Amino acid sequence: MTKVYDVQSIEEKWQKKWEQEHIYNVEEISSGEKYYVLEMFPYPSGRIHMGHVRNYTIGDVIARYKRTRGYNVLHPIGWDAFGLPAENAAIQNRVHPAKWTYENISQMREQLKRLGFGYDWTREITTCDPEYYRWEQWFFNRLYEKGLVYKKTSFVNWDPVDQTVLANEQVIDGKGWRSGALVERREIPQWFLKISDYADELLDDLVKLEGWPEAVKTMQYNWIGRSFGVEADFELKNSGEVLRVYTTRPDTIMGATYLAVAPEHPIVKQVSDNDDRVKSFVKECMKTSVSEADLETIEKRGVPLGINAVHPISRDDIPVWVANFVLMSYGTGAVMSVPAHDQRDWEFAKKYDIQIKPVVYPADNSELDLGKEAFVEKGILKNSGQFDGLNFDQAFEKISEYLESESRGCKKINYRLRDWGISRQRYWGAPIPIIYCDSCGEMPVPDEELPVELPVDIELDQKGIISLSNVKEFIETKCPKCGGLAKRETDTMDTFVESSWYFLRYASPEFNEGIFDRKSVSYWLPVDQYIGGIEHAILHLLYSRFFTKALRDIGMTDLDEPFTNLLTQGMVIKDGVKMSKSAGNIVDPDEMIEKYGADTVRIFMLFASPVQRDLDWSEKGVEGAYRFLNRVWRIVVENLSKIQGINKTELDVSALSEEEKSLLIKVNRTIKKVTDDFERFQFNTAIASIMELLNETSKFNAASESGLYILKKSIFSMVGLLFPMAPHITEELWQNLGNRNSLVDSRWLVFDQDIIESSEINIVIQVNGKVRSQISVSPDADQDFIKNLAFEDQKVKGYIAGKEIKRVIVVPKKLVNIVV
RNA sequence: GCCUGGGUGGCGGAAUAGGUAGACGCAUUGGACUUAAAAUCCAAUGGGCUUUAUGCCCGUGCCGGUUCGAGUCCGGCCCCGGGCACCA
């Protein structure tokens, strides 16, 4: 064994060995339990970044730990390979997206291997491979058959100079990122998946996800946003048409003093043709991006449409406005505005001098002051005719009943969740398998003609842009029904479609008779532990849940939910901001590996911060991790010859010296602590406690055979506990310690509870809640005994002398508090 | 704007069910070893006070509350991060 910890050769040696022995490849076996641990697969952007390193280190530790606990562990990896950056690279570097993507993949694959992650590489998936997206197209057809696919128009960001659709990310301060032109909203036909059909189940099943963070569940709950309200019809005076509004506060309906509709609402068009003011306002409203954050932060503005509507209950005339804060995509695209009881309506009414009519009063009879803000709480109705005196619940019932009896409204459940628009006017994506025939209409591509392959063998144009709408050979096809000339859909699918089912494909990645082998999926799924960034809390996870349920409903699986447990990791921060190319604060993992080794980088990542929280990058911290592993190396080197011959199996604990006993207890406590921490994924404190054990072991002087045995046990324990986090150095040490087996297939360490409980425990004595003294007692000392000891304590006596003792609180095994 | 998470020494963080605030690491300072440096090892390290002690007081973003006892629970505020449906 070398004196020096030779990082590079050790890591290379073990990586080679693991790969040669295919040690991480797994199969379905009938005995024992399976465990499927999965990290969110990477987008092949070029090189691995620290965020990946963190994510995959956490996953690798869990996979290795579970394997030592006897599970049959599936730990796969793949590539989320379609997406926008590949097209940007094409434009910037004139390189074909496919070439760029595959080159990135091979580079990143090597980087992952260099970090020592134990993946089953035989299951590697690449989503831009036709053998992958073929099944996605097949699934699209099933959804189409079930009526879960439909086409409608919706808005996109349009760059009027570049004549292209822009992603929200490409709109900066309302302008196209390359052209700098003011972005417009443009309405185009697009394909949608009816996720709204699953809104109730997606919402109600959240309670079943006990292994998910509350924050993620709350965010999904609010995102789906089920609300109970009322739809009410306001008749338009000019046309007799009905304007339907949705409200969750029907109790305030008598206070409605105007209606507001979205700029895209059909009735606006009728007016804007003859009203220049409305026309220019609507045009103005179209000059924003489609992102909700932008819409919600712009100044609230509106103009009157010049038409009135009849209130469905009071029959009063109220004016109709068009306003930029009303969303066409939510409810009916029209709202009744009650300035007295809604803050946004209040501000709008103040701005445009519209009447404010209070109809709900505080239940405690306190005064209603609408001078500064709206009164938005629920209360008692007044000025509401027949509904006066009712509270919210009563008013909700009576008013909806009344509207229903007059055929002017009804109760309605609404969702904030919108259907999923999957059309992208982009090249680098999976083609949507639809054919348009002039005589037969639109239809899906028959299953036997799948995959509809994305043509890869095409040239970039002068700007580096590729568009499917220019590829004649792709577009022109024949109609599956009549055989006549027909055209293919040129939109591709949102890349979220690929990532919504990849975790199922890992169960049988080579299967070519279907989307997956049912047998394999029922063995491996659900994913026992899913790990990824908190930024995916809503979209990716919600879409994956939707796909899983839809696959179940077409009879492909029995799964209700894809991910049993979810761990959301924080970001990697440097100098106060997220580590990213755009911030210019990237630290290349390869450089760190070269300098300190993969084990050091892994240990730092795990030690610097708890997994759910953001992690501050610090090279000083990396050096600390490196020092720690060097100390581990050295303690083995220095003691190797001493402990080699020790084969003791029985220990007489009562005959041990204090020092020996103390280390023995520490070893057992550390095993317990690290085990508990691993179960909770608290790797930072697990490492801290191994460091404590190392500190105590370094000070230890083995003076007897028992002492040497305890020293050996401590060293073996440290190596075993560190293995899932630092696999290379521990395998090397393990072998040098005379073991023949690999730690990969070893069993997790056990601790002896009796030894842990054999030491005395510390009891804190407080007087009036302040710590004044401490005593040491055996763990089974009873309360009265501890109480008496506390009162006899010299320091305590000084604090309680001459004072009346009001109360004594004894918390077993913790403290005594004397209140005087 | 809406939804959501966070704020503890010089720094990263610990305190698992309301019970010793600051484990472990980094940095800094002093010492040992060395011709010297690096590496390593040992020690000190939240702030203040003076009577220098087995001492006292303050201290977990801010204000208030509950409790024998609050970093932890409750109410109100401030600041920072994540998401907002075409970045992935």
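Excluded from the calculations below are hydrogen atoms, water molecules and symmetry mates; all remaining heavy atoms, backbone and side chain alike, are included. Source: prediction; values computed, not measured.
Look at the P atom in both B:A70 and B:U20: the space between them is 11 Å, to the nearest Å. For the C1' atoms, the distance linking B:G48 with B:G9 amounts to 14 Å, nearest Å. One C1' atom belongs to B:U52, the other to B:C57, and the distance between them is 16 Å to the nearest Å. If you take atom P in B:G5 and the same atom in B:C11, they sit 26 Å apart, rounded to whole Å. Taking the P atom of each, B:U66 and B:G13 are spaced 33 Å apart, rounded to whole Å. Of the P atoms belonging to B:U72 and B:A21, the separation is 14 Å, rounded to the nearest Å.
Among the nucleotides B:A85, B:C24, B:C87, the one closest to any side-chain atom of A:A167 is B:C87. Nearest to the side-chain atoms of A:E169 among the listed nucleotides B:C87, B:A85, B:C86 stands B:C87. Distance from the side chain of A:T495 is smallest for B:A88 among the nucleotides B:A88, B:C84, B:C58. Among B:C84, B:A88, B:U54, the nucleotide with an atom closest to any side-chain atom of A:K795 is B:U54.
Regarding contacts with the backbone of B:A85, a side-chain N or O of A:N168 is found under 4.0 angstrom from either OP1 or OP2. One finds no side-chain N or O of A:N695 lying less than 4.0 angstrom from the OP1 or OP2 phosphate oxygen of B:A23. Between A:R627 and B:A27 there is a side-chain polar atom (N or O) within less than 4.0 angstrom of OP1 or OP2.
Contact annotation for A:K806: no contact, since no heavy-atom pair falls under 4.0 Å across all strands. At the heavy-atom level, A:A293 lies under 4.0 Å from base atoms of the strands shown.
Taking 90° from 0 as the syn/anti boundary, the base of B:G5 is oriented anti.
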**Prompt:** With the sugar-phosphate defined as primed atoms, P, OP1 and OP2, and the base as all remaining atoms, what B/S/- string results for nucleotides 12-17 of chain B, 5' to 3', for protein heavy atoms under 4.0 Å?
**Reply:** BSSSB-
**Request:** Heavy atoms under 4.0 Å is the rule here; annotate nucleotides 65-80 of chain B 5' to 3' with B where the base is hit, S where only the sugar-phosphate is, and - elsewhere.
**Result:** ---B------------
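Ring centers of A:Y596 and A:F604: at least 6.0 Å apart, outside the cut-off.
Smallest separation of non-hydrogen atoms from A:R54 and A:P610: NH2-O, 3.0 Å.
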